[in-house]
Number of protein chains: 2
Amino acid sequence: MPAQKRLNRDELVATAMSVVDAEGLEAVTVRRVAQRHDVTPMALYRHFDDKDGLLDAVAERILDDVRLPPADDRPWHVQMDDLLTGFLAAMRPHPNATPLLFDRMLTGESGLAVTERTLALLAEAGMSVEEGAEHACKALNFLVTLVLTEPGRDGDTDPAARDEALRAKRARLLTLDPARYPHVVAAAEPLTDCPSAEAYYRRGVESILTGMRGTGASAAV
Amino acid sequence: MPAQKRLNRDELVATAMSVVDAEGLEAVTVRRVAQRHDVTPMALYRHFDDKDGLLDAVAERILDDVRLPPADDRPWHVQMDDLLTGFLAAMRPHPNATPLLFDRMLTGESGLAVTERTLALLAEAGMSVEEGAEHACKALNFLVTLVLTEPGRDGDTDPAARDEALRAKRARLLTLDPARYPHVVAAAEPLTDCPSAEAYYRRGVESILTGMRGTGASAAV
DNA sequence: ACCTGAACACCGTTCAAGT
DNA sequence: ACCTGAACACCGTTCAAGT
């Protein structure tokens with residue numbers, strides 16, 4: 001879309017992001033992003049080391065959007081709830097890009113900031129450094145998974161194609177032998193669709209928080 | 001490695017699996033798998049619809065290895081523990097292939113069998129069909145994530161390169177400003193290494209089970 | 001400093017052809 | 001029935017060159 005003389009790193013990242021959002025991660029191509037800027041593929045290499053550098057920047061842009069709530073006096077798990085919810089809010093507009101985050105929580109400043117905050121709250125909860133590290137990774141990665149696997153999300157963001165793919169998937173489950181897969185057939189609809197994304201994510205956060213508090217010798221407030 | 005006259009579907013899948021295990025998911029290529037069998041790339045299309053069909057078969061082979069424990073009289077969550085542990089055992093030898101499973105739990109017979117069993121136990125726990133479907137997806141996908149993001153696993157399976165990458169990653173965390181990221185720096189080691197994979201997965205399963213039991217109006221036994 | 005052009009070694013997949 | 005060969009439209013990336 002943009003067509004100008006001097007290439008701008010931020011706009012290249014924005015273009016890459018819009019490609020991921022619209023067509024998925026595999027559609028992001030050095031050549032494609034270059035073409036949208038009416039520029040030779042090689043022009044991108046002035047702004048990024050390589051394709052991975054471009055993807056790093058895409059991930060970092062999502063992490064930049066995480067609004068870190070200031071620390072306060074509420075119990076740690078209430079603050080953790082806010083933190084996790086904020087992380088979710090940053091990811092949800094870009095579900096196709098979420099796989100990038102699994103490996104990149106510790107590579108950029110924003111990812112480090114999110115992790116730092118998570119570790120701090122878990123330390124406040126009384127966890128050891130080792131416990132905290134494990135629970136922090138688990139919680140953040142599980143949240144990524146929640147967005148990645150939200151029922152009814154199928155890579156394609158085109159609403160018509162998405163809807164069609166959904167109906168096809170559900171139809172296939174309904175043709176299964178009910179004697180062999182009774183529960184799968186009965187659950188065909190909830191397995192392929194999500195009535196309320198809001199409620200889905202709320203329950204997801206609560207489930208992760210429960211897993212966090214249920215284990216270990218944590219105490220505090 | 002194999003070199004014979006008639007191509008065999010199972011051996012093609014085995015070759016693809018060995019490529020994923022040794023070099024990662026992106027290294028799996030129609031041309032590469034064909035070459036290992038001294039055959040033209042197009043020969044594979046007699047056995048699979050396309051590359052995605054080959055990857056479906058790789059995923060299904062992992063799911064085939066899940067040993068489903070027979071139903072018994074123990075409390076549902078004890079049986080669920082066995083089921084989840086069995087799923088983990090099937091995935092752990094093939095960590096590089098785990099991303100394939102996110103989208104494929106309902107595409108093949110083995111995946112359907114695992115899901116069916118999970119749904120059955122959650123129904124036994126007193127969950128509604130909707131609750132059960134959501135918790136089943138969450139549990140299975142979180143398990144996949146546990147393997148995908150095991151600290152110290154870095155795509156490359158070559159032990160020397162892997163060790164080097166690990167040390168580099170940890171070193172980078174240790175050069176961070178301790179005033180800005182005190183907890184990250186303090187947790188550099190547990191964030192990049194896993195002292196005991198066995199214990200890591202045990203705690204992971206327990207955390208998922210806790211998240212399952214903690215929510216909802218479930219009862220039973 | 002920033003972009004171009006041509007080239008290289010790869011991809012997945014089609015189509016028509018061989019045996 | 002099963003595999004080949006040539007071709008097409010793509011990839012990421014290198015290198016030398018332009019301005």
Side-chain angles (χ1 to χ4, degrees), chain A residues 1-60 96-97 99-100 103-104 107 155-156 161, chain B residues 1-60 96-97 99-100 103-104 107 155-156 161:
Chain A
M1 281 149 191
Q4 42 175 231
K5 311 212 167 168
R6 241 128 190 82
L7 227 43
N8 176 296
R9 192 190 145 103
D10 282 344
E11 294 182 5
L12 290 172
V13 178
T15 300
M17 186 73 87
S18 85
V19 174
V20 200
D21 290 341
E23 307 180 50
L25 211 42
E26 339 68 56
V28 180
T29 270
V30 173
R31 293 177 120 101
R32 214 116 119 56
V33 172
Q35 188 183 333
R36 290 225 196 173
H37 288 264
D38 289 313
V39 117
T40 264
M42 292 320 301
L44 296 217
Y45 286 76
R46 206 52 52 173
H47 302 274
F48 305 97
D49 283 350
D50 51 16
K51 189 187 176 179
D52 213 55
L54 173 60
L55 296 179
D56 285 347
V58 169
E60 193 66 1
N96 292 342
L100 296 173
D103 287 348
R104 291 174 169 88
T107 63
D156 288 299
Chain B
M1 284 152 187
Q4 39 176 232
K5 311 212 165 166
R6 242 131 190 79
L7 228 42
N8 177 295
R9 192 190 145 103
D10 281 345
E11 293 182 5
L12 289 171
V13 178
T15 300
M17 186 74 87
S18 85
V19 174
V20 200
D21 289 342
E23 307 180 50
L25 211 41
E26 339 69 55
V28 179
T29 269
V30 174
R31 293 177 119 100
R32 214 115 119 56
V33 172
Q35 189 183 333
R36 291 226 196 173
H37 288 264
D38 288 314
V39 118
T40 263
M42 291 320 302
L44 296 216
Y45 285 77
R46 205 55 48 174
H47 301 274
F48 306 96
D49 283 351
D50 50 17
K51 188 187 176 179
D52 212 55
L54 173 61
L55 296 180
D56 285 347
V58 169
E60 193 67 1
N96 292 341
L100 296 174
D103 287 348
R104 290 174 170 90
T107 64
D156 289 298

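Chain letters run A, B, ... following the sequence lines, proteins first and then strands; every chain starts at 1. What's counted below: heavy atoms across the whole structure, side chains too, no hydrogens, waters or symmetry copies. Because the structure is a prediction, the values reported are computed rather than measured.
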Inset, instruction - Please state whether the phosphate of dC2(D), meaning OP1 or OP2, lies under 4.0 angstrom from any side-chain nitrogen or oxygen of His47(B). - result: no
Inset, instruction - Taking only the side-chain nitrogens and oxygens of Thr29(A), find out if one of them lies under 4.0 Å from OP1 or OP2 of dC10(D). - result: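 Result: no.
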Atom pairs under 3.5 Å, N or O on each side, protein against nucleotides 4-9 of chain D: can you list them with distances?
residue : atom : partner  : partner atom : Å
dT4(D)  : OP2  : Thr40(B) : N            : 2.7

Could you check how far [atom1] of [X] sits from [atom2] of [N], rounded to whole Å?
| X | N | atom1 | atom2 | result |
| --- | --- | --- | --- | --- |
| Leu54(A) | dG12(D) | CG | P | 10 Å |
| Asp50(A) | dT13(D) | CG | C1' | 9 Å |
| Glu26(A) | dG12(C) | CD | C1' | 14 Å |
| Leu44(A) | dC11(D) | CG | C1' | 14 Å |
| Asp49(A) | dT14(D) | CG | P | 10 Å |
| Arg9(A) | dC3(C) | CZ | C1' | 18 Å |
| Tyr45(A) | dC11(D) | OH | P | 12 Å |
| Asn8(A) | dC2(C) | CG | P | 11 Å |

Inset, instruction - Look at the side chain of Arg9(A) and the backbone N and O of His47(A), then say whether any donor-acceptor pair between them is shorter than 3.5 Å. - result: yes
Inset, instruction - Determine yes or no for a side-chain-to-main-chain donor-acceptor pair under 3.5 angstrom, with Asn96(B) supplying the side chain and Leu25(B) the backbone. - result: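 Checked: no pair found.
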Inset, instruction - Using a 3.5 Å limit on both pairing distances, list the dot-bracket string of DNA chain D from the 5' end; Watson-Crick and G-U wobble pairs count, crossing pairs take [ ], interstrand pairs take |. - result: ||.|||||...|||||.||
Legend entry - side chain to side chain contact (heavy atoms under 4.5 Å, CB included) between Phe48(B) and Val13(B), intermediate numbers included: CA-CA 10 Å; Phe48(B) 306 96; Val13(B) 178; 3.8 Å; yes
Inset, instruction - Measure across Pro41(B) and Ala34(B) and return the closest heavy-atom pair with its distance rounded to 0.1 Å. - result: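 Shortest heavy-atom contact: CA-CB, 3.6 Å.
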Inset, instruction - Not counting sequence neighbours, which residues clear side-chain contact (heavy atoms from CB on, under 4.5 Å) with Ala59(A)? List them please. - result: Leu100(A), Leu101(A), Arg104(A)
Inset, instruction - With the side chain counted from C-beta on, respond yes when Asp56(A) and Asp52(A) share a heavy-atom pair under 4.5 Å apart, and no when they do not. - result: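 Asp56(A) vs Asp52(A): side chains touch.
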Legend entry - Val19(B) side chain reached by Arg36(B) side chain, heavy atoms, under 4.5 Å: yes
Legend entry - Pair Arg32(A) + Glu23(A), salt bridge at N-O below 4.0 Å: yes
Legend entry - Criterion side chain to side chain contact (heavy atoms under 4.5 Å, CB included) against Val39(A), the qualifying member of Leu12(A), Val33(A), Leu7(A): Leu7(A)
